[in-house]
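In what follows, chains carry the letters A, B, and so on, assigned in the order in which the sequence lines appear, proteins first and then strands, with residues in each chain numbered from 1.
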Amino acid sequence: EAEVAQSPRYKITEKSQAVAFWCDPISGHATLYWYRQILGQGPELLVQFQDESVVDDSQLPKDRFSAERLKGVDSTLKIQPAELGDSAMYLCASSLATGAGEAFFGQGTRLTVV
Amino acid sequence: KQEVTQIPAALSVPEGENLVLNCSFTDSAIYNLQWFRQDPGKGLTSLLLIQSSQREQTSGRLNASLDKSSGRSTLYIAASQPGDSATYLCAVAGKSTFGDGTTLTVKP
């Protein structure tokens, strides 16, 4: 069964260091999402890609966060420098098309900033 | 700005009971609404997707309804089991927006 792959599953990093997360969506899915989920809350959309183009990054803290999906397939989310408040679960999801299709999620990356 | 609210935040029921989880949203201009399940420390598992033109979807013991005009969706779980214990999240698409979820505990 096709899955969204994310790595690493867990990451501990020190404050002010750089950290990166990787996501490989389900094959053929044009839309890719990155979310941040704080414990006890629902996921918050950080960035949405349609193929290699960003269609929504209004909630992405652009002073420290960046995201890319260069060939319209896999994607990387980077934080530099990491802050204590960035500790959260980072989730990647994909769907066939923006808005209309069912979204499928990966297992997430649990980030702890110390 | 779309806002999604899920009530109650937590629910505890005895095994075998039928139950309803609620989801409300403020902007009816949505593409679809999706219900997810999340186990502690894990990603989200899709349960049901309702397109904006549909009124309900069913999968096994689950039934989800959508009323765009009132900005509401419900997830009905029949004959609950301890294995149903998890957090249930609803999300609306247009601009992807999630509620904070309902944490369900089904007691044996």
Side-chain angles (χ1 to χ4, degrees), chain A residues 1-11 21 23-26 29 31-50 54-60 87-112, chain B residues 1-10 21-25 27-54 57 59 62 64 66 68 73 75 86-104:
Chain A
E1 183 175 314
E3 294 182 341
V4 176
Q6 286 190 250
S7 68
R9 286 295 312 278
Y10 304 94
K11 180 72 176 178
F21 314 126
C23 173
D24 191 13
I26 293 173
H29 280 196
T31 305
L32 185 147
Y33 311 81
W34 282 103
Y35 296 87
R36 175 172 60 188
Q37 185 178 27
I38 295 169
L39 194 63
Q41 299 181 16
E44 174 193 30
L45 181 67
L46 293 175
V47 62
Q48 178 180 335
F49 290 92
Q50 178 69 25
V54 173
V55 296
D56 188 346
D57 63 357
S58 57
Q59 297 291 97
L60 189 70
S87 294
M89 175 78 89
Y90 289 83
L91 295 161
C92 179
S94 69
S95 65
L96 277 172
T98 296
E102 187 174 6
F104 296 90
F105 279 74
Q107 287 300 301
T109 297
R110 168 68 66 186
L111 173 67
T112 301
Chain B
K1 176 186 175 184
Q2 179 75 271
E3 293 183 2
V4 179
T5 303
Q6 292 188 247
I7 295 174
L21 306 180
N22 297 293
C23 172
S24 61
F25 48 94
D27 186 348
S28 62
I30 64 172
Y31 292 134
N32 61 51
L33 186 144
Q34 196 168 354
W35 282 93
F36 295 89
R37 167 188 174 135
Q38 187 174 32
D39 294 295
K42 300 293 181 63
L44 280 66
T45 300
S46 177
L47 297 174
L48 289 165
L49 171 73
I50 311 176
Q51 299 289 355
S52 62
S53 58
Q54 298 175 320
Q57 281 286 343
S59 176
L62 305 179
L66 175 63
K68 279 179 54 179
S73 176
L75 178 66
T87 296
Y88 291 80
L89 296 144
C90 69
V92 298
K95 179 177 175 72
S96 177
T97 306
F98 278 80
D100 285 337
T102 294
T103 299
L104 173 66

B:Q38, part contacting chain A, at a heavy-atom distance under 4.5 Å = side chain
Relative to chain A, which of B:Q6, B:K95, B:Q34 shows the most heavy atom pairs under 4.5 Å?
-> B:Q34
Separation between CG (B:L47) and CD (A:E102), nearest 0.5 Å, reads 9.5 Å
Please round to the nearest 0.5 Å and tell me the distance separating atom CD of A:Q41 and atom OG1 of B:T87.
-> 12.5 Å
Nearest atoms (heavy-atom pairs only) where B:S96 meets A:Y35 | OG-OH, 2.5 Å
Relative to chain B, which segment of A:Q6 carries a heavy atom at a distance below 4.5 Å: side chain, backbone, both, or neither?
-> neither
Per-residue contact mode, A:A103 against chain B (heavy atom under 4.5 angstrom) | both
Atom CD of B:Q54: over 12 foreign heavy atoms under 6.0 Å = yes
By a 4.5 Å heavy-atom criterion (distance strictly below it), what part of B:L44 contacts chain A: side chain, backbone, both, or neither?
-> both
Pairs of heavy atoms under 4.5 Å with chain A: top-ranked of B:S52, B:G43, B:G99 = B:G43
Minimal heavy-atom distance between B:G41 and A:M89, with the atoms involved, is O-CE, 3.5 Å
